[in-house]
Every structure is written in structure tokens, then in C-alpha cells.
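Okay, so here's the structure we're looking at.
Quick note on labels: first sequence line is chain A, next is B, and so on, each numbered from 1. Just the heavy atoms: all of them, side chains too, but no hydrogens, waters or symmetry mates, feed the values below.
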Number of protein chains: 2
Amino acid sequence: MSVGIRHDDLRRRNRAMVIAAVRHAGQPSRTEIAATTSLSHSTISAISSDLIVEGILTESKPSEAGSLKRGRPQVGLSLNPEAAAVMTVVLSLNFLSVAVIDYAGQVISEEQRRLDTLTMARESLIGECTAIVRRRLDDPDLDVRSIARIALAIQGITDTRSRAMLWSPITPHTDIAFADILEDAFGIPATMENDCNMMAVALRWRDPQRYRDDFIAILLSHGIGMGLVLKGELFTGTHSSGGEFGHMIHRPNGALCRCGRRGCVEAYAGNYAIWRNARQLGEDAEPVADVSDADMRALATAARERDGPEREAYRKAGEALGYGLGSLFALIDPAPVAMVGVSAAAFDLIEPALREAIVQTAGGQHSKSISFDTEPNELPLIREGCAMRALTFVDQEIFAPGAQARSGPGGKNVA
Amino acid sequence: MSVGIRHDDLRRRNRAMVIAAVRHAGQPSRTEIAATTSLSHSTISAISSDLIVEGILTESKPSEAGSLKRGRPQVGLSLNPEAAAVMTVVLSLNFLSVAVIDYAGQVISEEQRRLDTLTMARESLIGECTAIVRRRLDDPDLDVRSIARIALAIQGITDTRSRAMLWSPITPHTDIAFADILEDAFGIPATMENDCNMMAVALRWRDPQRYRDDFIAILLSHGIGMGLVLKGELFTGTHSSGGEFGHMIHRPNGALCRCGRRGCVEAYAGNYAIWRNARQLGEDAEPVADVSDADMRALATAARERDGPEREAYRKAGEALGYGLGSLFALIDPAPVAMVGVSAAAFDLIEPALREAIVQTAGGQHSKSISFDTEPNELPLIREGCAMRALTFVDQEIFAPGAQARSGPGGKNVA
DNA sequence: CTCTATTTTTTCGAGCCTCGAAAAAATACT
DNA sequence: AGTATTTTTTCGAGGCTCGAAAAAATAGAG
């Protein structure tokens, strides 16, 4: 049962709204904020004056150089970089990276590290994560107290409450409650996010025009992942991070998937599957642990040069992705798609079969209007998404506390 | 960009909250409402006093007979049946039914009619619908002015804005803007809803324990439809009613579907598909227009009696549904399922193959914990859902106007 | 250089809304 | 009849947003 709105929630919500408006617009004037929020000038004036006194916003005097308008010039409001800071931790296959970001979104410091995630012991993996965070926190240039939030992204399935990794392809270990581990170790609120969801969040910030209320981000990498935004909110499963597009069934009893089952989309479109088909190893061949980006690029080059097993492998990948997308479109209707990851660079090889497959499905009627974008490098996206995730948490939960906690089903998820 | 909250929205939202609390609880006292909404007694007292003066609520004196408690007895609040009325129109294959329902949810009058929807001209179909509504409105016992809303449900795809039928299996005609047609004809606000969505809405009202925040209603009838509730809200596509579970792809290039494509789940699990397989007509056989309920029951009886093509047909249906559900669960995680429609009565024949298939999918890990309920008769559910849909519209848009209009993404969809 | 038009921002009183505390109301128990 | 208990209403306090008016800050005209 939804809960009533109390009088004091009003100010909190509108505070959050003003902060969000500044984060979105960059340097809006009070008048612009009043327009986007449709609150009165008086209210915006009162709230922003509070926020400036509290050190959350700052006035940045002469906003535009070419302001030839008459009248009192607008005063730009911007986020005070020193209001807080957040930390992002991205854990992917054999790679760990961490960054400290100020409240305005600028990277203050970072560190990256190679490690052998597939063979590491559970404790070592956790240890590496806490150690790299600790090193950043020990940085003498950094005011530790300003770190308001840690967001950790991992490839794999996380739970809905953003506390734990349930399963991941980068390690044999399962059910690691990273968020609680970091919170206990450093006393800083932490969340654990799914990598593809963070890609979607980042895309929305990068290009709000194209990636507005409904879109799909698909990771074409060793595995196949998806981040989904529907009606302006990040879509998650009921228990887990959800959106396991790669494990929708393409062909019942089909090719062997890394997850142990058969016929998943990933078993045709993941790097290992493309590799397996290109080498003509057969659909029952055990998936290899990893294929280097260089090897995948070589495969793509070979496929472009001649009509051989490599080209056929990409065709099969396209077919699986196309039928998968078709089924997805049957459920949610067609939406713009971003293809991210190494194999997105080979999307020219994938697209023909993909489109051909989509035409055979319920989404087919709009096949031509479905547009694909490609972005070969997923790591920067994941980092950005994590950063925005952590920063909007600070916006909402720390600088406008209580505003969302009491709200009903309408807690904004992404923005 | 989300919009700020104004001061006067407060009262509107809390009014809506109180009305919703009464509709859910039946005869709650002011104190109970204060508890569920977590608003103060003073506020509830003020709001309910307003609502009583306006004739929306009534006090129903001695609520429980066995109230042996000390102290001032609670006064039950209930919806005033005369506050308004709504009309539901359900259009299904060869059948049209309409009902008038008072504000408290009781059916006041109804009418049903057989007609040949598959062969009717576009104008006749529309004409029959407006005529049956007009006959009800002309009923001398009825105060026409009290009709505040019409909700029309149809089997098929409707648009997100609840204005038009885009495509339906019950008629060859497409893109009929029923909502606008009824509004223009009678000057009463109308919406056009998808039948399976209304089933889901009704299930939630019937059994809020089981069908709470996340569940799936699947219609096993001539076609296969789905109504999906996720995180407490009815799920719809970005443009259409969405959730076209029946047209997810089960086998690329597989059996011929009624929609003209190949390999859809429906092409294995719809009545016509079960019929086709039981008669061993081959997967390319043109789907028959209709199979009577009696024929389907005979098929099920035959399948239970001996291991022949009938049993195999149900097995194939179960397999298709199982893989489809598996793919769905990969996206949204497992949730309780209600099987509705004629073939739900044959669920004993479907379930084994269905569960076997689910085990092969990403949802398989929780296979045993997934529970299925069956309900062979879909029409009463659709009617109930429509009624609740229309009534909650009146609650929100007429008796607490403006409350939702200004809200951000958090407009409650079902409750 | 002064004055005016224009635009942005702040100030101030009015009107609501919710809340807590206390009062009033209505019953069961002694 | 009096007391304890529970529900509901009343009333003043405090907060919030709004509109109107004032103040502030600039460009252009003369």
C-alpha cells in the first residue's frame, strides 16, 4: 500500500528536483530551473539559496560569453565540486579499476590493475578490491571524509537491492556481498551494480536525445549482457539485476553455453561462440575461457576478406541476436539499440543476418526503423555509469534526504 | 525532466490515497486509514470529512458485529455506491458483453450478445459496440449522468495511451480508435484496454496475497496472450499494450503462426496449434479460425485416455510455453504464474513438458519454486479487471483530479 | 553620461496543508 | 454511576509554495 505525502516531504522532493536540474543542465540559471521544474521563481530562489549556503551549489558568475541580451544577466548555478566525492570500482575479467570523482563529475584520481580473476581464491578477490580502495583512500591529497559513496560494478548477476554479486563469469565464486563488505571495511555507503545496467545509465547521460525513455544497451563481449531502460527507468528483475538477454533461449537443445545450459543466445553470439564456430569446433565444444580482443579483431578481418567459416560464425551470431531481439521486441516493443563491446566493431558482419532474423519476428514490422549504434569500448561506459549512479545517490539520499524514501513506486532510478 | 511538486498537489494526492485505501480495505475506520497511509489522524479526519460531504464516501455505522473492544467504536468508511458508475465493454471472438457497475463495484445491469466478429464489416462492428452501450444508457432505471467512465477490453494489441485497437485476431480490421469513438458518441471518457492486462488487474484484486507486486497471467486460448505486473505496476510496451508472449520465437522458421510468421510460441500452444498437431495436419497447415471449447475438452479427454497424437500435441504446447517462460524469466526473474482460459483446464497435460523445458533455461534453477494457478474461464476476469480499471480511474482522475497528472514517472497503474 | 527598457532575482504577505496535543465522543467494564 | 479505553474532532503552530511587487543588474538611446 502506497504511503501518504507529508508536508515536510515537499521541500525535500523539490530540493532533489533542483539538484537534478543542475546536474542535467550544467549551468542553468534560476529562471531556467523554474521553467523545467514548473515551480515558481520564489521557490527556486529559496531552495537554491539554501543549497548555496550548504555548499552544495555555487554561483558561477558570467555563464555565457556571448550574452548580448538586455536586462539583468543570468547567474549560472553549478554543482560545487567540493561538496562531496564518490568512488567507482569496476571489476571485470582480469581487470580491476577504481576512480575517485568529485561532486561535479570530474575524475580526481584513479588506479588500474591486472589480476587473474578466474583462478583467484575468493578471499584474494575480495582482498584485492578492498586493498585498491584503501590505497585510494590513503592518498594524502584526498579528504577521506568527503567520499560519500562507493559504487562497484561487476560483470554478472547482482541482486535487486544492489548489495551482492550472485554469479559472475569472471570468477568461480558466487554470492559475494561486495556492498556490505565495502561498507563494513570503510564505513562508506556502497552499492554493487550490474555492468550492463551501468552502460545504459552512461548512455543516457552521454546522449539524452537518442537514449531517452526507452532503449536497449547490449554488450557483445565474451558473454552477452543487456541493460534496459523502459519508461525512463532502469529495468531490473524482481530478485536480480535481470535482463539476462544472453540467456534467452535461441534454439532449444542447441549449442552449449558457458552457463552450462544449451541454446542460449550467448552460445551463438558470445565471443567464445563466434570463435568456436569460426574454428568449426562444433556446438558441443567446451567454451574457451577467454578470447583476446586481438584474436577477435583478426577473426573479423578474416570474415570481411573471404566467405568462409569466420563469416558464417558472425552470421550465426547475427541470427541469434536478431531472433532474441525479436522476442524482446514482442514483449517491450521496438526501441533504439546500442551495441557495445569488441564485437560491436564487427557489427557490419552481424547486422545483415540480424536484420533478416528480426523481420521474421513480431518486431519485424518496424524492422527498418530500428536503429543500431555501436561503441566498441565498454569500460569507459561502465565507469561513467557507475560515477553517475553514485553521484545521483548523493544528490538524492544525502543532499535531499528522505525525499525518495517515502515515495511510492515512483522512485526515479536512473536520472 | 520530472516536474516539481506544488503545494496544492499535496491534498490531491492524499485524497487519492484515502480513496484508494477505502477501495482496498472495504470498510476501514479512519484510524486504520491513518495507519496504512502513515498520515496523521487529523489529516485523515479532514480529508474523509470532505469526501463524505462530497458524497464520495459514506459512514457505515456498526462495521463488525463481534467488536467486543472497549472504547469508542470505529466507524467504517465505505465507498458511496451512488457517487458514480462506470461501464465495461468486453469484445471477444463472436461475443460482446457490457455491464454497468456502481461506484462500490456492484453490477447494476448487463447485456450480452453473440455476433460474428470475424466476418463483420468495420462499420458494423463499431456500430454493434455503440448500439449496445446506447441501449444500456437508455435504461430508464439508470441515471446517465452518473456514468463517469467506459472501459472497453478487446483481445489483441492496443496502444499504450489506451485509445485504439491496433490489431486483433477477432476481426480482420485494424486500427480502430474505440476509445475516441465512444467518447465522441456519448461524451463519456473512455479507454481501450488489452484483455490480458485486464485479467492481470483482476487477479490482483481477487487475490492480493498471491498476486502482489510481480506476477504473470497467461491466456491459453485460441491465441496466447499475457498480462504482466512488475513491481506493482502493469507492464506495457513502449508503444503498444505489449507483452506479446505468444509471439516470442520458440523455433526459428518453425510452425506457421496465425500472425503469418513462423515459430511463435502460439504456433505450438494456441488452441489451433494443439488442434493441428492432434490431427497431425503438419506445421504448415493453415490455422483454423476457431476451435470450440467442447472440441478442446474432447481433445484433452482423448489425451488423458491414451498416448497418441493428442497427448503429443499438449506436450509440444508445454514445451513451447516452457521455453518461452524460461526466456521471459531470464529477463524478469521467475514470478508466480496464472494460467487462464480453456486450455488451463488441460494444464495437467501441459505441465510436465513445460517444467521440463523450464529446467533447461535460465529460470530453471528455481523451477520447483515456480507455482502455477489455473482458471479456465477468462471472461469474468476480463470483466472484473475492466471494472476495477474504470473505477480506479474515477477514484484518481475525477475524485482527486490533478493528483496524478503532475506526478513524475510514479503514476500507479494498477492499484 | 544619464535615462529608460528589459530581464533576472529577491522579498513579503497570503493561503493552504499537515502535525501534535488536547478535547470531545462513544463505548465496555466495575 | 463512575472509570478506563479507544476513536474522532478541534485548534493553534509551523512550513511550504505562490503571486505581486520590489530590487538588482545590464544594454541601448539620446
Side-chain angles (χ1 to χ4, degrees), chain A residues 3-18 22 25 27-53 57-77 400 402-403 406, chain B residues 3-18 22 25 27-53 57-77 400 402-403 406:
Chain A
V3 91
I5 303 178
R6 296 186 15 191
H7 200 224
D8 38 332
D9 293 336
L10 245 174
R11 194 47 170 285
R12 290 181 180 139
R13 292 203 191 197
N14 287 340
R15 268 175 73 102
M17 210 74 68
V18 170
V22 175
Q27 276 202 340
S29 69
R30 291 168 174 79
T31 309
E32 283 169 345
I33 298 175
T36 60
T37 60
S38 81
L39 293 169
S40 73
H41 287 193
S42 340
T43 304
I44 300 299
S45 183
I47 292 177
S48 44
S49 138
D50 283 357
L51 292 173
I52 289 171
V53 169
L57 298 185
T58 50
E59 290 190 333
S60 49
K61 282 295 173 58
S63 64
E64 290 115 286
S67 70
L68 298 165
K69 286 186 304 183
R70 269 208 207 184
R72 179 172 174 173
Q74 301 189 348
V75 180
L77 292 175
R406 295 186 53 83
Chain B
V3 91
I5 303 176
R6 298 190 9 194
H7 200 222
D8 37 331
D9 293 335
L10 245 174
R11 194 46 169 284
R12 291 183 179 136
R13 291 203 191 197
N14 287 340
R15 269 174 74 104
M17 209 75 67
V18 170
V22 176
Q27 276 201 340
S29 69
R30 291 168 175 80
T31 308
E32 283 169 344
I33 297 175
T36 59
T37 60
S38 81
L39 293 169
S40 74
H41 287 196
S42 340
T43 304
I44 301 299
S45 183
I47 292 178
S48 44
S49 139
D50 283 356
L51 292 173
I52 290 170
V53 169
L57 299 185
T58 50
E59 289 191 334
S60 50
K61 282 296 173 55
S63 64
E64 290 114 285
S67 70
L68 298 165
K69 286 185 304 181
R70 268 208 206 186
R72 179 173 175 173
Q74 301 189 347
V75 180
L77 293 176
R406 295 185 54 82

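- To the nearest 0.5 angstrom, A/Arg13 atom CZ is 14.5 Å from A/Thr37 atom OG1.
- Rounded to an integer number of Å, the gap from CG of A/Asp9 to P of C/dC17 is 16 Å.
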Base versus backbone protein contacts along nucleotides 5-11 of chain D [heavy-atom cut-off under 4.0 Å; B, S, -]: BBBBBB-
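- Across B/Thr43, B/Ile47, B/Val22, a single residue satisfies side chain to side chain contact (heavy atoms under 4.5 Å, CB included) together with B/Ile33, and that is B/Val22.
- In this structure, CD1 of B/Ile47 is placed 9 Å from C1' of C/dC17, rounded to the nearest angstrom.
- At whole-Å resolution of the value, CZ in A/Arg11 and C1' in C/dT18 are 16 Å apart.
- No side-chain heavy atom of A/Thr36 sits under 4.5 Å from any side-chain heavy atom of A/Met17.
- Contact check for B/Leu10 versus B/Ile5: no side-chain heavy atoms found under the 4.5 Å cut-off.
- We find that CZ of B/Arg6 is positioned 18 Å from C1' of D/dG15, with the value rounded to whole Å.
- Counting only heavy atoms from C-beta outward, the side chains of B/Gln27 and B/Glu32 never approach each other to under 4.5 Å.
- The nearest whole Å value for the distance from the CD1 atom in A/Ile5 to the C1' atom in D/dT17 is 15 Å.
- A/Asn14 CG to A/Asp9 CG: the interatomic distance, rounded to the nearest 0.5 Å, is 10.5 Å.
- Look at CZ on B/Arg13: it is 12 Å from P on C/dT18, rounded to the nearest Å.
- Per the geometry, CG belonging to A/Asp8 stands 11 Å off P belonging to D/dT17, to the nearest Å.
- The line from OG of B/Ser49 to CD of B/Glu59 is 9.5 Å long, rounded to the nearest 0.5 Å.
- When heavy atoms are screened at a 4.0 angstrom cut-off, A/Asn14 is found touching the sugar-phosphate backbone but no base atom.
- Annotation: side chain of A/Ile52 is in contact with side chain of A/Leu77 (closest heavy-atom distance under 4.5 Å).
- Once rounded to the nearest 0.5 Å, the distance linking OG of B/Ser45 with CG of B/Leu39 reads 12.5 Å.
- Rounded to 10 degrees, the angle separating the terminal axes of the helix from C/dC1-D/dG30 to C/dT30-D/dA1 is 20°, with each axis obtained from five end pairs.
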